[in-house]
Amino acid sequence: YQVKFNVNTQSLINDGKMQSDCSDIRWANSNDNRLDYWVESGCNTASTEIFVELNTLAASSSKTIYMYYGNPSASSGSDPESTMYVYDLHGNGQQGTLVDNAQFKSSDGLSNQEYVMLTRNDVNSESNSYRYSQGTPEPGFHATYEWYIGNGVEGSADSLNLKAWHSDTRFYHENPSQEGVAFAFNDHDTCAAIIWNDGSPQCGLDTINSDPRRNSWKTAEARGVRSGSTVEYYYSTLGNTISGSFSRAGIPVGDKFGFGGRTGGQENYHLVRDITIRKYTTPTPSFTTGSEQRANRQPDQPSNPSPGDN
């Protein structure tokens with residue numbers, strides 16, 4: 001699991017205990033084994049957001065881990081690709097698999113950075129997908145990403161979706177008959193929607209008729225998590241949110257995982273970038289901060305630390 005911590009690095013930096021860019025931060029478990037981590041944002045603030053990856057975290061249990069700092073010669077160990085379940089298209093290359101005619105693109109007139117083009121705007125009835133080989137995290141996931149639909153005609157039979165599903169059949173489509181859940185922006189029904197199981201939609205985040213936000217990048221946040229015999233879901237985009245649950249006893253959120261896009265009637269580009277996905281459970285893990293201690297050894301370096309370690 002990727003556990004999020006908020007750390008006051010500003011006070012440590014002001015006291016001369018930490019490098020000003022947080023490069024000397026390291027995390028370790030109680031056996032002094034290094035843990036992958038990512039300083040997401042806010043270094044040298046009172047609320048620095050750091051994700052740390054734990055191998056296991058049983059329900060109703062606790063673990064003690066340590067944050068090390070104070071080596072003035074250490075280089076950064078922050079590594080989002082190793083820490084997060086998926087960290088993709090942030091300028092770090094393509095991590096997923098292109099299916100059918102989906103394409104990886106460098107920066108161009110549609111984006112100032114790399115992205116995946118699910119469909120082009122010059123081909124009618126095109127359907128492609130972009131998938132991750134590891135499948136959907138169990139029991140759930142939390143995803144943030146940016147998406148783009150545009151350069152065609154509004155109200156056409158188009159969609160772009162993040163999908164956790166159980167079949168390769170029509171994986172690109174937001175509304176097949178196999179069990180799963182899709183977080184879709186559906187141009188045909190002019191709304192953002194959550195669609196599950198038999199195609200029952202939970203629609204109404206926002207309409208897009210004559211919407212000036214078309215032909216521009218939008219952000220989205222989505223999560224799905226299995227809790228007993230239900231799947232809880234959450235979807236936020238265009239400044240609005242819907243959430244709820246549906247019954248899917250004994251089945252995880254999905255073993256096929258990725259993005260789908262399709263055109264029909266009128267062509268539009270369907271693009272995705274800046275994808276960050278982590279494992280998710282409910283309730284989310286909480287943490288308490290202990291007292292500062294002076295370390296008598298360094299993680300993974302109990303006797304002979306090398307330059308750059310702390």
key: Val116 and Leu271: CA distance, side-chain angles, deciding distance, side-chain contact (heavy atoms from CB on, under 4.5 Å) verdict   = CA-CA 6 Å; Val116 163; Leu271 318 175; over 6 Å; no
task = Apply side-chain hydrogen bond (donor to acceptor under 3.5 Å, both in side chains) to the pair Tyr115 and Asp108, showing each step before the final yes or no.
result = CA-CA 10 Å; Tyr115 64 95; Asp108 57 20; 2.7 Å; yes
message = salt bridge (Lys or Arg N to Asp or Glu O under 4.0 Å) for Glu232 and Arg226? Distances and angles first, verdict last.
response = CA-CA 6 Å; Glu232 299 176 6; Arg226 181 172 58 83; over 6 Å; no
task = Decide side-chain hydrogen bond (donor to acceptor under 3.5 Å, both in side chains) for Trp147 and Thr237; before the verdict, give the C-alpha distance in whole Å, the side-chain angles of both, and the deciding distance to 0.1 Å.
result = CA-CA 10 Å; Trp147 57 273; Thr237 192; 3.1 Å; yes
request  = Give the C-alpha distance, both sets of side-chain angles, the deciding distance and a yes or no for side-chain hydrogen bond (donor to acceptor under 3.5 Å, both in side chains) between Thr276 and His90.
outcome  = CA-CA 9 Å; Thr276 302; His90 290 268; 2.9 Å; yes
ask   = Going through the distances and angles, do Glu126 and Arg120 end up as a salt bridge (Lys or Arg N to Asp or Glu O under 4.0 Å)?
value = CA-CA 8 Å; Glu126 185 178 34; Arg120 304 187 300 275; 3.3 Å; yes
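With values rounded to the nearest 0.5 angstrom, Ile275 atom CD1 is found 10.0 Å from Gln94 atom CD. With rounding to the nearest 0.5 angstrom, the OG1 atom of Thr289 is 10.0 Å from the CG atom of Asn8. Going from atom OG of Ser159 over to atom NE2 of His270 covers 6.0 Å, rounded to the nearest 0.5 Å. One finds the CG atom of Asp21 at 8.0 Å from the CD1 atom of Ile13 (value rounded to the nearest 0.5 Å). Once rounded to the nearest 0.5 Å, the distance linking CG of Leu35 with OG of Ser82 reads 12.5 Å. Note that CG of Leu12 and CD1 of Ile25 are 8.0 Å apart. Values are rounded to the nearest 0.5 Å.
With hydrogens and angles left out, the side-chain atoms of Asn101 and Gln103 include no donor and acceptor closer than 3.5 Å. In this model, no donor atom of one side chain and acceptor atom of the other lie less than 3.5 Å apart for Tyr1 and Asn55. Between Ser23 and Ser76, the side chains place no donor N or O within less than 3.5 Å of an acceptor N or O (distance only, hydrogens not considered).
Taking the ring-ring contact (aromatic ring centres under 6.0 Å, His included) definition, one finds that Tyr66 meets it with nothing, sequence neighbours left out.
Of all non-hydrogen atoms in Pro139 and Thr281, the two that sit nearest each other are CG-OG1, 4.0 Å. Nearest heavy atom pair, residue Ala102 against residue Ser129, reads CB-O, 3.5 Å. Closest non-hydrogen pair, Leu110 versus Met117, comes out as CD1-CE, 4.1 Å. Residue Ser20 comes nearest to Cys43 through the heavy atom pair O-SG, 3.5 Å, listed as atom of the first residue, atom of the second, then distance. A pairwise comparison of heavy atoms in Asn29 and Ile65 identifies CA-CG2, 4.3 Å as the closest pair. Closest approach of Glu49 and Asn6 over heavy atoms only: CG-OD1, 3.4 Å.
Screening Leu54, Thr83, Val52 for a side chain to side chain contact (heavy atoms under 4.5 Å, CB included) with Asp36, the sole residue that qualifies is Thr83.
Stacking of Arg34 on the aromatic ring of Trp27 is not recorded, the 6.0 Å distance cut-off and the 45° axial limit not both being met. With Phe141 as the aromatic partner, Lys279 does not meet the cation-pi criteria of under 6.0 angstrom to the ring centre and within 45 degrees of the ring axis. In this structure, Arg26 is not positioned above the aromatic face of Tyr68 in the sense of NZ or CZ being under 6.0 Å from the six-membered ring centre and within 45° of the axis.
Checked by atom type and distance alone, the side chain of Asp24 never pairs as donor or acceptor with a backbone atom of Ala74 at under 3.5 Å. The main-chain N or O of Asn268 is found under 3.5 Å from a side-chain atom of Thr119 such that the two form a donor-acceptor pair. Checked by atom type and distance alone, the side chain of Thr282 never pairs as donor or acceptor with a backbone atom of Thr284 at under 3.5 Å. Without hydrogens or angle criteria, Asp79 side chain to Glu81 main chain gives a donor-acceptor distance under 3.5 Å. Of the possible donor and acceptor atoms, one in the side chain of Tyr37 sits under 3.5 Å from a partner among the backbone N and O of Gly77. Panel note: side chain Gln293, backbone Gly290; no donor-acceptor pair is recorded below 3.5 Å.
Ring geometry, Phe287 versus Phe5: the interplanar angle falls from 30° to 60°, so the pair is classed tilted.
Side-chain contact between Asp274 and Gln113 is present, with at least one heavy-atom pair separated by less than 4.5 Å. You'll find the side chain of Leu118 reaches within 4.5 Å of the side chain of Leu160, heavy atoms only. You'll find the side chain of Asn112 reaches within 4.5 Å of the side chain of Arg273, heavy atoms only. By the 4.5 Å heavy-atom criterion applied to side chains, Thr48 and Val39 are counted as neighbours. Inter-residue side-chain proximity for Tyr132 and Phe259 is flagged as met; some heavy-atom pair is nearer than 4.5 Å. The side-chain heavy atoms of Tyr130 and Thr97, taken from C-beta on, include no pair separated by under 4.5 Å. Side-chain contact between Met67 and Glu292 is absent, with no heavy-atom pair separated by less than 4.5 Å. Contact annotation: the side chain of Tyr235 never approaches that of Glu221 to less than 4.5 Å [non-hydrogen atoms, C-beta and beyond].
Taking the six-membered ring where the residue is Trp, the centroids of Phe183 and Tyr233 are separated by 6.0 Å or more.
A continuous path of hydrophobic side-chain contacts links Leu98 to Phe257 [ILVMFWY only; heavy atoms under 4.5 Å]. Each of Tyr234 and Tyr85 belongs to its own hydrophobic cluster when Ile, Leu, Val, Met, Phe, Trp and Tyr are linked at side-chain heavy-atom distances under 4.5 angstrom.
Taking a cutoff of 4.0 Å between a charged side-chain nitrogen and a carboxylate oxygen, Glu53 and Arg278 do not qualify as a salt bridge. For the pair Lys105 and Glu114, the salt-bridge criterion is not met [side-chain N within less than 4.0 Å of a carboxylate O].
Phe51 belongs to a hydrophobic cluster with Trp38, Met84, Tyr87, counting contacts under 4.5 Å between side-chain heavy atoms of Ile, Leu, Val, Met, Phe, Trp and Tyr, direct or through other members.
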